[in-house]
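Beneath this line is the structure, given in C-alpha cells, with notes to follow.
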There are 2 protein chains.
Amino acid sequence: MDSSADSTPKKTKGKLTAERIMNAAEVLFASKGYKGTSLREIAQAAHIQQPGIYKHFDSKRDLYSSVLDRGLSPMIEAMRERTTNSDSASGYAALWEKITDLLAEHPSMASLFQQALHAGGDDDNLLIHDWLQRLFTQGQNTITALGIDENMEPEEQAIHLIATFNLVTGYFLSQQIYDTLATGKLTDPDNIARQKKLMRRIATALQDT
Amino acid sequence: MDSSADSTPKKTKGKLTAERIMNAAEVLFASKGYKGTSLREIAQAAHIQQPGIYKHFDSKRDLYSSVLDRGLSPMIEAMRERTTNSDSASGYAALWEKITDLLAEHPSMASLFQQALHAGGDDDNLLIHDWLQRLFTQGQNTITALGIDENMEPEEQAIHLIATFNLVTGYFLSQQIYDTLATGKLTDPDNIARQKKLMRRIATALQDT
DNA sequence: ATTTAAAGTTAACGATTGATAACTTTTGCC
DNA sequence: GGCAAAAGTTATCAATCGTTAACTTTAAAT
C-alpha cells in the first residue's frame, strides 16, 4: 500500500478503517460524551455499518480506551521529556505551551480528558487513575517541571496544579463563552498566542512567592 | 407543614418530593451526565418509582432544565449585583469569591454548568446560550465587574473571561487531581481559602497591564 | 490465479430507557 | 368526615442500544 515501504509501516485496509473509527469516535465522544454517543453514529461517521466496529475493537469501552490512549500518550511523552530535562525555570512554561500546542491539534482531547476526570463512581476510575498517576506523579521532578514550588505544602501544590490544568484544558472547551464576546475560533493561531501570553503572566505571578 | 406559616410558604408533600427529585438529579446528572443518568436511578435516590417523576416534571429534559435553573439563578443574581454595584477594583475579586462560595455549597453545579457548556450540536444549545447571555453580557459593566480591562480588544477580553471562568469552576471538578498530591476535600474551608488566595494573585497579575 | 484471512453487511437478540395509561393511595381542603 | 385533587404505583409500550451470529465481499498472501 505505502510506497515508502521501509520507513513507514504498511497500512492495511483494516488499520485505515480503525483509524477512521477512532477519529470519528474522538470527535463524537468529545462532543456528546461516552453514554451520549452510540456506536451507530460512530460507524456512520466512519462510513461502515455499526457491527463492523467489532472487527477492530472488542467493545465500546475498548474503543473509548483506545481513543484516550492515542490522545494522551503525546502528553505523557511531553511530560516525561520535561521531567527528564527540567533544568531551568523557563521549563515549566514550555511544558504547558507544548501541551497547549498538542491540544490545539486535537481539541477534542481536552473534552475527553475532562470527561474522564469527572466520571465519578464509575468503573472508569481505574483507567483515569492510572493516567493521572502517569501524568502527574513521576517523582518530585514533576512538581518542578510543572512550575510549582516544591517547598510549598502539598495541599497548595495540588491547588496550583489544578489551576494550571484547568487553565490549559478549559480553554479548549470554552468556545461558547468566547462567542459571547468575540468572533473567531479558539484554535486560531492568534488566539493560541493570546492564551499562551496569558498563561505566561499567570505562571510568573504564581512563581513569585 | 411549616409552622412559621407567614414567613415561609407552605410546602406540600408534592413540593417536598419535587425537591428530593431535584436534589437527586443534581448529584446524578453532575456525576454521570445527562445521558448517563436514568430516570429510574433518580427516582430510586428520591425514594419514589420512576413514572412518579412525571407528576412533577414534564420530561427528563424539563427536570434537567429545572435543576440548571435552580443552581444558576444565585450566580446570575450575584453577577447582577456586582454589575449594578461595580464601584471599585476590589469588586471583581469579590464576585469570583462569591461564585466560589456558591459552588462550594453546590459543587455539583460546577459539573453541570461545564457539561451544559460542552454540549455541542445538541438541542441544548438554546438553553445554555440563553444562560451565557444572562451570565456574561449584561452590558459593558459586566466586563468591569468581572475584572477585565475594558480597553482590551474583545478577543483578549474573551480569553481572560475564559481563564477566570475555568479557574473558578474547574477547581470543583478536580478532586481526582487533588488526590494525586494531597489528602482532603476541595470543599474543605482550608482549601477554599487557598483557592481564593490563588485567585486573588492571578487577578492581580491579570489586572496589571 | 487461487486460497485464506480479513473486513464488512444483514438480521436478530436481550437489556435498558423515556414515556404513557390505568389504577390505587394519600393529601389537602371544606 | 367526605370529596376531589394530588401523588404514587404497576404494567406496558416503542425506541434505542451494545452485542452476537451468520453470511458475503474484499484484501492479502502465496
Side-chain angles (χ1 to χ4, degrees), chain A residues 1-3 5-6 8-25 28-29 31-68 119 121-124 127, chain B residues 1-6 8-26 28-29 31-68 119 121-124 127:
Chain A
M1 285 282 139
D2 200 295
S3 50
D6 282 345
T8 310
K10 285 187 192 174
K11 288 275 183 104
T12 61
K13 177 77 186 290
K15 288 227 194 304
L16 290 171
T17 304
E19 288 282 329
R20 273 201 332 273
I21 294 169
M22 292 213 327
N23 293 341
L28 287 165
F29 281 144
S31 73
K32 311 183 99 188
Y34 178 77
K35 276 284 194 171
T37 304
S38 71
L39 291 179
R40 281 171 177 85
E41 53 191 324
I42 294 173
Q44 185 178 35
H47 305 299
I48 61 169
Q49 302 301 310
Q50 179 253 335
I53 293 181
Y54 290 89
K55 287 294 172 190
H56 308 269
F57 303 96
D58 287 338
S59 62
K60 187 182 182 182
R61 180 64 56 189
D62 182 38
L63 169 60
Y64 181 69
S65 180
S66 299
V67 170
L68 273 195
D122 272 9
D123 46 12
D124 285 336
L127 175 66
Chain B
M1 285 280 137
D2 200 297
S3 48
S4 54
D6 282 343
T8 310
K10 285 186 191 173
K11 288 275 183 105
T12 62
K13 178 75 186 292
K15 288 227 195 295
L16 290 172
T17 303
E19 289 281 329
R20 275 203 329 273
I21 293 169
M22 292 215 323
N23 293 341
E26 180 176 310
L28 287 165
F29 280 144
S31 73
K32 310 184 99 191
Y34 177 76
K35 276 284 195 171
T37 303
S38 72
L39 291 179
R40 281 171 178 83
E41 54 191 323
I42 293 173
Q44 185 178 35
H47 305 300
I48 61 168
Q49 302 300 310
Q50 180 251 333
I53 293 182
Y54 290 88
K55 287 294 171 190
H56 307 268
F57 303 95
D58 288 338
S59 64
K60 187 181 182 181
R61 180 64 55 191
D62 181 39
L63 169 60
Y64 182 68
S65 179
S66 299
V67 170
L68 273 193
D122 272 10
D123 45 13
D124 284 337
L127 175 67

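Residue numbers begin at 1 in each chain, while the letters A, B, ... track the order of the sequences.
With dG18(D), dG8(D), dT9(C) as the candidates, the nucleotide lying closest to the side chain of Tyr54(A) is dG18(D). Taking every side-chain heavy atom of Gln49(B) into account, dT9(D) is the closest of dT9(D), dG18(D), dT9(C). Counting only heavy atoms from C-beta on, Lys13(A) has its side chain closest to dA7(C) among dC17(D), dA7(C), dT9(C).
Atom CD of Glu19(B) has more than 12 heavy atoms from other residues, nucleotides or ligands within 6.0 Å.
Counting all heavy atoms, side chain and backbone alike, Arg20(A) lies closest to Ile48(A) at NH2-CG2, 3.7 Å. Smallest separation of non-hydrogen atoms from Leu63(B) and Phe29(B): CG-CE1, 4.2 Å. Ala45(A) and Leu28(A) make their closest contact through CB-CD1, 4.2 Å (heavy atoms, listed as atom of the first residue, atom of the second, distance).
OP1 or OP2 of dG18(D) sits under 4.0 Å from a side-chain N or O of Lys60(A). Close to dA6(D), at under 4.0 Å from its OP1 or OP2, lies no side-chain N or O of Thr12(B). OP1 and OP2 of dA6(C) both lie 4.0 Å or more from every side-chain N or O belonging to His56(A).
Distance CZ (Phe29(B)) to P (dT17(C)): 13 Å, rounded to an integer number of Å. Atom CG in Asp62(A) sits roughly 12 Å away from atom P in dT20(D) (whole-Å rounding). To the nearest angstrom, C1' of dT16(D) lies 15 Å from CD1 of Ile42(A). Straight-line distance from the CZ atom of Phe57(A) to the P atom of dG18(D): 15 Å, rounded to whole Å. For the pair Arg40(B) CZ and dC13(D) P, the computed distance is 14 Å after rounding to whole Å. Following rounding to the nearest Å, Gln44(A) (CD) and dC17(D) (C1') show an atom-to-atom distance of 15 Å. The interatomic distance linking Lys11(B) (NZ) with dA7(D) (C1') rounds to 17 Å, in whole Å. Atom C1' of nucleotide dG18(C) and atom CD1 of Ile53(B) are separated by 10 Å, given to the nearest angstrom.
Two residues, Ile48(A) and Gln50(B), neighbour DNA chain C, and the one matched to the more 5' nucleotide by heavy-atom proximity is Ile48(A). Positionally, the nearest nucleotide of DNA chain D for Gly52(B) lies more toward the 5' end than for the other of Gly52(B) and Leu39(A).
Looking at heavy-atom distances under 4.0 Å, Lys55(A) makes contact with a base. Within the nucleic acid shown, Gly14(B) comes within 4.0 Å of sugar-phosphate atoms alone, with no base atom in reach, counting heavy atoms only.
The NZ atom of Lys55(A) sits 12.5 Å away from atom OG1 of Thr17(A), with the distance rounded to the nearest 0.5 Å.
A donor-acceptor contact shorter than 3.5 Å is absent between the side chain of Lys35(B) and the backbone of Thr37(A). Glu41(B) places a side-chain N or O within donor-acceptor distance of the main-chain N or O of Ser38(B), the cut-off being under 3.5 Å.
Residues from residues 17-26 of chain B lying near DNA chain D, meaning a heavy-atom separation below 4.0 Å, are Thr17(B) in numerical order.
Partners of Asp62(B) by side chain to side chain contact (heavy atoms under 4.5 Å, CB included), not counting sequence neighbours, listed by chain and number: Phe57(B), Asp58(B), Ser59(B), Ser66(B).
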